[in-house]
Peer 1: 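Sharing a structure below in structure tokens format, with a few things to ask.
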Amino acid sequence: MDDITDAGRLADLVASNLGLKVSDAQELLEVFDPVERLRKVNEILVKELEILAMQARIRSQARDEMTKSQREYFLREQIRAIKTELGDNESKSEEMGELRAKIEAAHMPEEVYQEAIKQAGRLERMHQDASEATIVRTYLDWLVDIPWSKVTQDNLDLNIAQKVLDDDHFGLKKIKERILEFLAVRKLKPGGKGPILCFLGPPGVGKTSLGKSIARAMGRKFVRISLGGVRDEADIRGHRRTYVGAMPGRIIQGLKQAGSNNPIFMLDEIDKLGADFRGDPAAALLEVLDPEQNFSFRDHYLNLPFDLSNVMFIATANMIDTIPAALRDRMEVITLAGYSEEEKLSIAKRFLLTKQIEENGLKLIQIEITDEAIQRVVEQYTQESGLRNLERNIASICRKVAKKFATEEVKGDKVVVNEASIPKYLGPPKNLKEEERERDEVGVVTGLAWTQFGGDILNIEVTMMKKMGGGVILTGSLGDVMKESAHTALSFIRSKAGLYGIDEKIFSRYEIHVHVPQGAIPKDGPSAGVTLATAILSLLTGNPVRKDVAMTGEVTLRGKVLPIGGVKEKTLAALRHGIKEIIIPYRNHKDLDDVPKELRKRCKFQLAKEVNEVFVEALVHDPLEWGKQIREEREKAEKSASSHSGRSGKGVERAA
């Protein structure tokens with residue numbers, strides 16, 4: 001081609017070597033102008049070059065993907081060779097030496113030590129970039145970081161422990177005694193097992209913070225895990241190492257976080273555990289919370305025994321019913337019922353005020369909240385067993401005062417919040433006490449109920465209307481248990497109708513309507529039987545119910561009063577609503593020990609074995625004497641009607 005000087009010949013020579021289609025070659029042959037023919041050949045060449053360049057890029061990318069791993073391997077080998085030439089290949093041996101030193105320093109049990117040495121030997125023989133090496137290295141890191149032998153010394157001075165508990169919490173005498181008992185036993189027998197406690201109570205009574213105080217009093221580390229909504233068993237026991245991303249369960253993780261094998265371990269919200277196809281975490285906790293088993297707890301990831309007997313486990317729950325029976329059996333349940341208004345006032349003055357003043361940027365000399373103001377907040381802005389709403393309201397007052405100082409609205413160096421100014425800070429009262437009944441009423445009874453948020457009162461109302469067939473209507477969003485209690489109470493009253501002077505015809509001619517106000521709130525539980533029976537008897541006999549009496553208890557068909565739970569919570573609820581006389585089952589007399597002495601002094605408790613004893617205390621008139629009068633009046637009316645029936649037609653008409 002270098003010897004060709006004619007444009008036409010050059011175009012023909014190049015075109016003949018391009019392998020063109022017949023149609024494209026024919027078009028070139030039909031162009032007689034050599035320069036034009038050469039221009040067309042040039043266009044075809046440009047297209048061909050672009051196609052070749054694209055094919056080259058595709059081949060290069062495919063070759064790069066195929067040889068990437070090989071290239072990385074060669075590069076690593078080159079790096080290793082360079083390090084060998086420089087004398088740096090001792091880094092791996094140094095790493096293994098450090099790892100073996102950590103294993104020795106961990107003072108592991110013999111079984112764990114042998115497994116750690118075995119895994120270290122495997123790691124040493126592996127190539128450091130192998131995928132299995134990463135798994136083994138992570139496993140060994142967990143083994144050396146877990147506190148197999150690290151122990152914190154308990155503070156066994158009972159006086160110091162008592163002072164710490166008293167400084168952090170007001171009241172809670174029973175729980176403080178239990179902690180001091182544990183410390184006393186540990187002082188006499190250092191190798192004792194840690195107890196399994198369960199703090200049961202409504203929200204905001206200080207269950208979690210009490211665990212922190214116990215740890216501080218004993219000088220132990222504190223670990224808290226929340227079990228609310230946990231549904232996977234692996235969260236407790238860990239994953240097996242065969243899974244990608246496997247790791248130990250929360251128990252082992254918590255111990256590593258604590259750095260000692262005898263911390264205070266708090267299992268928060270144990271009553272809110274879930275379960276699904278991945279397993280039942282509550283069942284996995286059975287081994288953890290059993291002192292006879294947890295000395296050799298095996299996590300699936302470690303697959304080695306760990307001694308949990310030194311750990312003091314504390315669980316918290318709002319309701320005992322949702323905890324599986326087997327798990328509940330392994331724990332010592334301690335109930336925190338809640339606080340009275342006096343206790344709330346003391347706690348607010350000693351703890352909450354100082355805390356919220358500091359958290360909202362104020363100084364103690366800049367604000368003063370009087371006792372009367374706090375008392376009004378307790379009575380009219382909080383209706384709970386705990387302290388969270390009270391603390392929120394105090395925080396709201398502090399924020400508004402802080403705003404006054406920030407905007408320079410304050411005239412002076414101090415703001416005094418008194419009882420009259422509370423609505424300015426918190427708005428209108430949210431929980432005004434219900435208007436008390438002005439007089440004793442027929443068919444209206446005050447009952448006491450327990451909820452997971454503390455105690456409350458139930459005003460049960462009963463009326464009747466004429467309807468053939470009789471029966472009972474129940475309204476107020478009542479659960480199955482309360483419906484059964486209503487039917488049981490009605491059946492008992494019917495069985496004793498003659499004794500109380502009730503006409504049997506009423507049950508067939510009238511239907512009885514039982515209503516519990518606040519129908520939007522579901523109500524259930526075995527403690528309203530005597531309340532329902534009293535309301536029904538009052539309605540059918542016209543005997544008014546005393547307005548200053550509240551009651552709780554379940555009734556049987558034989559008229560026995562069965563025991564109930566939550567005596568302290570119900571007592572607090574009655575006092576909050578100004579009721580000073582409470583009727584409880586006789587078999588609950590032992591539970592009065594849980595009610596503080598200052599509350600017992602303010603209340604009058606009536607113990608009832610039979611439901612008739614409840615009627616005697618709750619009704620204005622003695623039910624038996626009242627029933628006798630009703631029978632005598634009915635018999636007199638019947639005799640009068642029969643005597644009139646023997647007279648003339650006018651006399652009969654007049655009698656009718």
Peer 1: Salt bridge check: are Lys212 and Asp168 linked by an N-O gap of less than 4.0 Å?
Peer 2: no
Peer 1: A side-chain contact here means heavy atoms from C-beta on lying under 4.5 Å apart; do Phe405 and Val415 qualify?
Peer 2: yes
Peer 1: Can a donor-acceptor pair be found, under 3.5 Å and without considering hydrogens, that links the side chain of Asn155 to the backbone of Ala217?
Peer 2: yes
Peer 1: Would a distance-only check, ignoring hydrogens and angles, find a side-chain to backbone donor-acceptor pair under 3.5 Å from Ser149 to Ala106?
Peer 2: yes
Peer 1: What I'd like to find out is whether the side chain of Asn318 reaches to under 4.5 Å of the side chain of Lys272, using heavy atoms alone.
Peer 2: yes
Peer 1: For Asn303, enumerate each residue passing the side-chain hydrogen bond (donor to acceptor under 3.5 Å, both in side chains) test, keeping only those at least two apart in sequence or located in another chain.
Peer 2: none
Peer 1: Could you tell me which non-hydrogen atom of Arg328 sits nearest to which non-hydrogen atom of Ile323, and how far apart they are?
Peer 2: NH1-O, 2.7 Å
Peer 1: Within the 4.5 Å heavy-atom criterion, are Asn262 and Asp154 side-chain neighbours or not?
Peer 2: yes
Peer 1: Hey, does the side chain of Asp307 reach the backbone of Ser309 with a donor-acceptor pair shorter than 3.5 angstrom?
Peer 2: yes
Peer 1: Any donor and acceptor pair, going by atom type alone, linking the side chain of Thr382 with main-chain N or O of Val378 inside 3.5 Å?
Peer 2: yes
Peer 1: Tell me if the NZ atom of Lys590 is crowded by more than 12 foreign heavy atoms within 6.0 Å.
Peer 2: yes
Peer 1: Is the cationic atom of Arg241 (NZ for Lys, CZ for Arg) positioned less than 6.0 Å from the six-membered ring centroid of Tyr139 and within 45 degrees of its normal?
Peer 2: yes
Peer 1: If you count heavy atoms of other groups shown closer than 6.0 angstrom to CG of Leu52, is the number above 12?
Peer 2: yes
Peer 1: Write down the atom of Pro195, the atom of Phe182, and the distance for their closest heavy-atom approach.
Peer 2: CD-CE1, 3.2 Å
Peer 1: Look at the side chain of Asp329 and the backbone N and O of Ala325, then say whether any donor-acceptor pair between them is shorter than 3.5 Å.
Peer 2: no
Peer 1: Would you say Asn360's side chain and Gln356's backbone share a donor-acceptor pair under 3.5 angstrom?
Peer 2: yes
Peer 1: Please give me the minimum heavy-atom distance between Arg237 and Ala284, naming the atom from each residue.
Peer 2: NE-CB, 3.9 Å
Peer 1: Phe306: which residues meet the ring pair (Phe, Tyr, Trp, His ring centres under 6.0 Å) condition with it, sequence neighbours left out?
Peer 2: Trp148
Peer 1: Would you call Val311 and Val288 a side-chain contact if the rule is heavy atoms closer than 4.5 Å?
Peer 2: no
Peer 1: List the atom of Arg350, the atom of Asp166, and the distance in Å for their closest heavy-atom pair.
Peer 2: NH2-O, 3.1 Å
Peer 1: In the structure I gave you, are the side-chain heavy atoms of Ile369 and Val377 within less than 4.5 Å of one another anywhere?
Peer 2: no
Peer 1: When rounded to the nearest 0.5 angstrom, what distance separates CG in Asn393 from OH in Tyr425?
Peer 2: 14.0 Å
Peer 1: Does Glu332, at its CD atom, have more than 12 non-hydrogen atoms belonging to other residues, nucleotides or ligands within less than 6.0 Å?
Peer 2: yes
Peer 1: Please check this pair: side chain of Lys207 against backbone of Pro202, looking for a donor-acceptor N/O pair closer than 3.5 Å.
Peer 2: yes
Peer 1: Heavy-atom count check: over 12 atoms from other residues, nucleotides or ligands less than 6.0 Å from Lys363 NZ?
Peer 2: no
Peer 1: If we only count heavy atoms from C-beta on, is the Asn294 to Phe313 side-chain gap below 4.5 Å?
Peer 2: yes
Peer 1: Is the closest basic N to carboxylate O distance between Arg298 and Glu287 below 4.0 Å?
Peer 2: no
Peer 1: Identify the two heavy atoms, one from Ala348 and one from Ile374, that lie closest to each other, and give their separation to 0.1 Å.
Peer 2: CB-CG2, 3.8 Å
Peer 1: Applying side-chain contact (heavy atoms from CB on, under 4.5 Å) to Leu227 and Ile236, what does each step give before you reach the verdict?
Peer 2: CA-CA 10 Å; Leu227 298 179; Ile236 307 299; 4.1 Å; yes
Peer 1: Closest approach of Pro263 and Arg220, non-hydrogen atoms and distance?
Peer 2: O-NH1, 4.0 Å
Peer 1: Determine whether the side chains of Arg250 and Gln253 contain a donor N or O and an acceptor N or O closer than 3.5 Å.
Peer 2: no
Peer 1: Is there a donor-acceptor pair under 3.5 Å between the side chain of Thr322 and the backbone N or O of Asp271?
Peer 2: yes
Peer 1: Give a yes or no on whether the backbone of Arg392 and the side-chain of Ser396 come within a donor-acceptor separation of less than 3.5 Å.
Peer 2: no
Peer 1: I'd like to know if the side chain of Lys176 reaches the main chain of His169, judged simply by a donor and an acceptor atom lying under 3.5 Å from each other, with no hydrogens or angles considered.
Peer 2: yes
Peer 1: How about Met312 and Ile179: do any of their side-chain heavy atoms sit closer than 4.5 Å?
Peer 2: yes
Peer 1: With a 4.5 Å cut-off on side-chain heavy atoms, are Arg330 and Leu285 touching?
Peer 2: no
Peer 1: Are Asp141 and Arg137 ion-paired here, with the side-chain N under 4.0 Å from a carboxylate O?
Peer 2: no
Peer 1: Walk me through it: do Ile251 and Asp299 pass the test side-chain contact (heavy atoms from CB on, under 4.5 Å)?
Peer 2: CA-CA 9 Å; Ile251 303 298; Asp299 185 272; 6.0 Å; no
